[in-house]
Trainee: 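First, the structure itself, so that you have it in front of you.
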2 protein chains.
Amino acid sequence: MNASLPARLLTLLSLLQSRREWSGAELARRLEVTDRTVRRDVGRLRALGYPVRGTTGTAGGYRMVAGRDLPPLLLDDEEAVAVATALLTAAGGTVTGIEDTSVRALAKLEQVLPARLRHRAAAVSRATVPLVRPAPNQVCPEVLSVLAVACRDHEVVTCSYRDRDGVVTERRVEPHHLVTGHQLWYLIAHDLRRGGWRTFRVDRISEVAPTGRRFQRGEVPGGDPAEYLRGVLLSTPFPHRAELWVAASATRVSRVLTDPLPGRVRDIEDGGCVVALGSDTVDGLLREVLAVVALGEPVTMTASDVLRERLRALSARLSEVADGGPASDGAG
Amino acid sequence: MNASLPARLLTLLSLLQSRREWSGAELARRLEVTDRTVRRDVGRLRALGYPVRGTTGTAGGYRMVAGRDLPPLLLDDEEAVAVATALLTAAGGTVTGIEDTSVRALAKLEQVLPARLRHRAAAVSRATVPLVRPAPNQVCPEVLSVLAVACRDHEVVTCSYRDRDGVVTERRVEPHHLVTGHQLWYLIAHDLRRGGWRTFRVDRISEVAPTGRRFQRGEVPGGDPAEYLRGVLLSTPFPHRAELWVAASATRVSRVLTDPLPGRVRDIEDGGCVVALGSDTVDGLLREVLAVVALGEPVTMTASDVLRERLRALSARLSEVADGGPASDGAG
DNA sequence: GCGTTGCGGACCGGAGGTGTCCGCAAAGAG
DNA sequence: CTCTTTGCGGACACCTCCGGTCCGCAACGC
């Protein structure tokens with residue numbers, strides 16, 4: 001470190017971010033300048049809008065405090081990995097509307113993340129235990145990252161897509177938005193070969209490659225990407241369906257569903273609500289029905305015989321287990 | 001902006017991070033300097049270890065690429081909120097060992113996050129829909145943030161703690177580590193009034209206040225905080241318990257448990273495994289038993305009559321629901 | 001080829017950074 | 001209360017190095 005002024009200011013910022021309080025003398029030693037220069041540097045940070053509070057007296061020192069703007073974040077390796085994985089995993093679990101900016105932050109980080117850290121972030125993220133779904137829908141961090149950058153920069157990408165039936169096709173698309181919903185990441189894109197808007201489940205995408213070709217950003221039909229996705233998901237015919245009437249409010253029922261997709265649960269006039277369930281597998285349906293029944297409220301179901309049979313089997317197994325072993329004298 | 005050199009370099013970094021590619025002329029206009037100076041500034045960034053690739057020709061320009069070190073991150077408001085909420089929520093959902101650094105990153109961000117953004121982050125984080133647990137164990141973002149900073153800076157804090165029986169006590173503790181486990185955040189701290197190490201569930205802590213008093217960081221008994229927490233949790237007598245024998249591997253069973261706490265599931269010689277379940281509520285137990293039974297493998301259970309009764313009731317309700325409504329002619 | 005882009009050396013005037021003084025104010029210890 | 005420790009910032013002298021204006025060169029695409 002030859003200690004040019006900008007470099008020194010950055011290390012000063014870094015020091016102030018890594019520990020609460022520093023004395024002027026200490027900083028001077030670390031930066032290899034006199035304490036007067038430290039004072040000047042602190043003044044420079046302040047002039048940049050990053051307030052540093054100095055306290056006098058024997059227990060005095062400098063500490064960084066929150067100001068009007070967020071100062072440049074100087075993360076060490078570990079922290080960078082933590083932030084990357086947090087962005088990769090967290091956004092998938094929320095049902096808020098911040099995915100888009102979350103993706104932007106990810107793109108920003110992704111673009112400058114040293115290779116060694118990128119590998120670690122991907123590894124950690126994969127090791128993360130998915131909470132609800134057993135495993136199959138894990139999105140590949142690399143795929144998500146590349147798509148995030150491509151979305152930000154309006155760059156056409158090619159990729160492979162494995163549809164619901166397992167058929168793999170090569171695609172060439174303009175990636176417009178990454179949105180989460182239904183506990184999954186979805187890509188809203190314009191398919192160049194087939195022409196027209198498509199939504200892709202990110203966990204079914206592989207081998208994404210940016211082409212370098214740029215495209216003009218257009219509006220998603222309807223304007224709001226999240227709204228558009230909801231529409232597509234609602235109109236998609238699920239292979240397995242069921243409908244429940246429950247004697248409980250829609251909000252209470254939504255809370256126990258794996259994914260309370262808006263529009264799938266609606267209150268009706270008798271005080272109960274109707275739940276329209278759809279899933280790619282009978283197991284998926286079963287899980288949701290189970291959750292609703294476990295609420296304890298009266299339920300009636302419209303469903304196929306296959307699902308009914310599965311429920312009966314489960315019921316039988318439960319009573320079997322309940323009556324099977326010896327009773328303990330424990331409290332609960 | 002009076003455009004001192006450090007300020008200009010920061011805006012340059014910010015520009016390069018916010019978009020993939022910039023032409024020299026464009027940068028010169030934005031920075032209000034000549035293109036020659038832009039070239040010099042780019043050179044300065046490179047000298048700092050933050051590689052910027054320049055491409056020549058008509059489609060040329062500058063773009064930031066990954067280098068040896070992570071450059072200072074310049075996030076806008078939205079992105080800062082996204083990162084903060086990601087750290088707050090994601091860390092809670094993982095079972096990996098990165099909580100400590102995740103907490104450090106959070107502390108770093110927390111310390112300099114402008115007030116207006118802090119409020120937004122907290123709001124978003126609270127609005128986040130928890131995936132597994134209905135709601136009661138939501139940790140308050142402010143509490144977690146304050147503890148994160150206090151841990152980093154070895155600062156004694158006071159707080160209120162509501163124990164399992166709902167009794168609230170005032171505590172004065174040295175916060176040493178924040179660890180996630182059991183789908184919750186735990187604080188490992190030294191209780192100054194009572195003397196000795198304690199673990200606190202962060203969701204039961206309120207009114208944390210840093211005292212300004214510093215403490216000497218000591219080693220947690222055993223050295224490894226995560227290991228220590230596991231020990232405490234395993235030795236804690238849960239009010240409600242059950243034990244299952246399952247004809248499936250421990251890894252397969254762990255996958256479906258809400259929290260496969262190491263040591264709670266162990267393989268035995270007959271090819272099956274034994275699951276020791278503990279929970280604060282019967283419902284908690286019920287949820288786990290249900291998940292295991294739904295696996296479809298033979299199960300025998302050792303449990304209290306209360307749990308058995310709950311299982312029987314659920315079984316009855318399931319068969320009722322299965323036989324109740326009309327059968328549809330749908331596929332699933 | 002020509003235009004467009006990035007690249008970087010040379011020069012020079014002057015802005016401004018650094019160390020070394022200095023006295024001042026505030027906080028805490030004795 | 002006094003003394004010490006901390007941060008604060010003006011003044012000055014020295015001189016680095018910053019930035020604008022030249023210039024020719026190298027890639028890349030039409």
Side-chain angles (χ1 to χ4, degrees), chain A residues 1-13 15-16 19-48 50-65 67 153 155-156 210-214, chain B residues 1-13 15-16 19-48 50-65 67 153 155-156 210-214:
Chain A
M1 173 142 337
N2 67 3
S4 69
L5 173 55
R8 203 179 56 226
L9 280 188
L10 286 178
T11 41
L12 177 56
L13 261 177
L15 290 174
L16 287 174
R19 207 217 283 176
R20 171 94 101 187
E21 190 138 350
W22 293 84
S23 78
E26 227 170 342
L27 290 175
R29 219 173 311 122
R30 294 291 282 266
L31 301 174
E32 299 179 329
V33 289
T34 60
D35 56 343
R36 181 67 185 92
T37 298
V38 169
R39 285 201 291 279
R40 275 196 270 248
D41 284 354
V42 168
R44 288 185 180 108
L45 289 187
R46 287 172 181 155
L48 286 175
Y50 311 134
V52 178
R53 204 180 53 190
T55 48
T56 63
T58 48
Y62 294 98
R63 83 168 53 180
M64 191 109 203
V65 297
D153 297 326
E155 200 171 337
V156 175
T211 61
R213 177 157 228 87
R214 304 284 286 278
Chain B
M1 175 140 333
N2 66 4
S4 68
L5 173 57
R8 203 180 55 227
L9 281 188
L10 285 179
T11 43
L12 177 55
L13 261 177
L15 290 174
L16 288 173
R19 207 217 283 177
R20 171 92 103 188
E21 190 138 349
W22 293 84
S23 77
E26 226 170 345
L27 291 175
R29 220 173 310 122
R30 294 291 281 266
L31 300 174
E32 299 179 330
V33 289
T34 61
D35 56 343
R36 180 66 184 92
T37 298
V38 168
R39 286 201 292 277
R40 273 196 270 248
D41 283 355
V42 169
R44 287 185 181 110
L45 288 187
R46 288 174 180 153
L48 285 176
Y50 310 135
V52 178
R53 203 180 52 189
T55 48
T56 64
T58 47
Y62 294 99
R63 80 168 54 179
M64 190 108 205
V65 297
D153 297 326
E155 198 170 340
V156 175
T211 61
R213 178 156 227 89
R214 303 284 287 276

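All chains are named by letter (A, B, ...) in the order of the sequence lines, taking the proteins before the strands, and each is independently numbered beginning at 1.
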Trainee: What's the CG-P distance between A:L45 and C:dG17, to the nearest Å?
Mentor: 13 Å
Trainee: Does A:R53 reach a base, just sugar-phosphate, or nothing at all? Heavy atoms under 4.0 Å.
Mentor: nothing
Trainee: Expressed in angstrom and rounded to an integer, what is the separation of A:L5 atom CG from D:dC17 atom P?
Mentor: 11 Å
Trainee: Side chain of B:R36: nearest nucleotide among C:dT18, D:dC18, C:dG8?
Mentor: C:dG8
Trainee: If you round to the nearest 0.5 Å, how far is CG of B:L16 from OG1 of B:T11?
Mentor: 9.5 Å
Trainee: Just so I know, are the side chains of A:E26 and A:L15 near enough to count as touching, which here means a heavy-atom distance under 4.5 Å?
Mentor: no
Trainee: Between C:dA10, C:dG6, D:dA11, spot the one nearest the side chain of B:S23, thanks.
Mentor: C:dG6
Trainee: Closer than 4.0 Å, any side-chain N/O of B:R44 to the OP1 or OP2 of D:dG19?
Mentor: yes
Trainee: Of the options D:dG20, D:dG9, C:dT18, whose atoms approach the side-chain atoms of B:V33 most closely?
Mentor: D:dG20
Trainee: Starting at atom CZ of A:R40, determine the distance to atom P of C:dC21, rounded to an integer number of angstrom.
Mentor: 14 Å
Trainee: Is there a donor and acceptor pair, one atom on the side chain of B:R8 and one on the base of D:dG19, closer than 3.5 Å?
Mentor: no
Trainee: Does the side chain of A:T55 reach to within under 4.5 Å of the side chain of A:E21, using non-hydrogen atoms?
Mentor: yes
Trainee: Can you name the nearest heavy-atom pair linking A:R8 to A:T37, along with the distance?
Mentor: NH2-CG2, 3.5 Å
Trainee: Quick one: which of D:dG20, D:dG9, C:dA26 gets closest to the side chain of A:T56?
Mentor: C:dA26
Trainee: Hey, is the side chain of A:R39 pairing donor to acceptor with the base of D:dG7 inside 3.5 Å?
Mentor: no
Trainee: Give B:R46 one of three labels, base, sugar-phosphate or nothing, depending on what nucleic acid heavy atoms sit under 4.0 Å from its own.
Mentor: sugar-phosphate
Trainee: Using only side-chain N and O atoms of B:T34, determine if any of them is under 4.0 Å from OP1 or OP2 of D:dG20.
Mentor: yes
Trainee: Base, sugar-phosphate or nothing for A:G61? Non-hydrogen atoms, less than 4.0 Å.
Mentor: sugar-phosphate
Trainee: At less than 4.0 Å, is any side-chain N or O atom of A:T37 found next to OP1 or OP2 of C:dG19? Yes or no.
Mentor: yes
Trainee: Which whole-number value in Å describes the distance from A:L31 CG to C:dG17 P?
Mentor: 16 Å
Trainee: With sugar-phosphate meaning primed atoms plus P, OP1 and OP2, does A:V42 contact a base, only sugar-phosphate, or nothing at under 4.0 Å between heavy atoms?
Mentor: nothing
Trainee: Nearest of C:dG17, C:dG6, D:dA11 to any side-chain atom of B:Y62?
Mentor: C:dG6
Trainee: Name the residue closer to the 5' end of DNA chain D, choosing between A:G54 and B:D41 according to the nucleotide with the nearest heavy atom.
Mentor: A:G54
Trainee: Could you state the atom-to-atom distance from CD of A:E32 to C1' of C:dT18 in whole Å?
Mentor: 15 Å
Trainee: Check whether any side-chain N or O of B:R46 sits under 3.5 Å from a backbone N or O of B:V52 as a donor-acceptor pair, and report yes or no.
Mentor: yes
Trainee: Report the distance from atom CG of A:L27 to atom C1' of D:dG7, rounded to the nearest whole Å.
Mentor: 12 Å
Trainee: Write down the distance between CG (B:D35) and P (D:dT21), rounded to a whole number of angstrom.
Mentor: 10 Å
Trainee: Calculate, to the nearest 0.5 Å, the distance between atoms CH2 and CG belonging to A:W22 and A:L31 respectively.
Mentor: 9.0 Å
Trainee: State which of C:dA29, C:dC7, C:dA10 makes the closest approach to the side chain of A:T58.
Mentor: C:dA29
Trainee: Taking CG from A:L12 and C1' from C:dT18, how many angstroms apart are they, rounded to a whole number?
Mentor: 16 Å
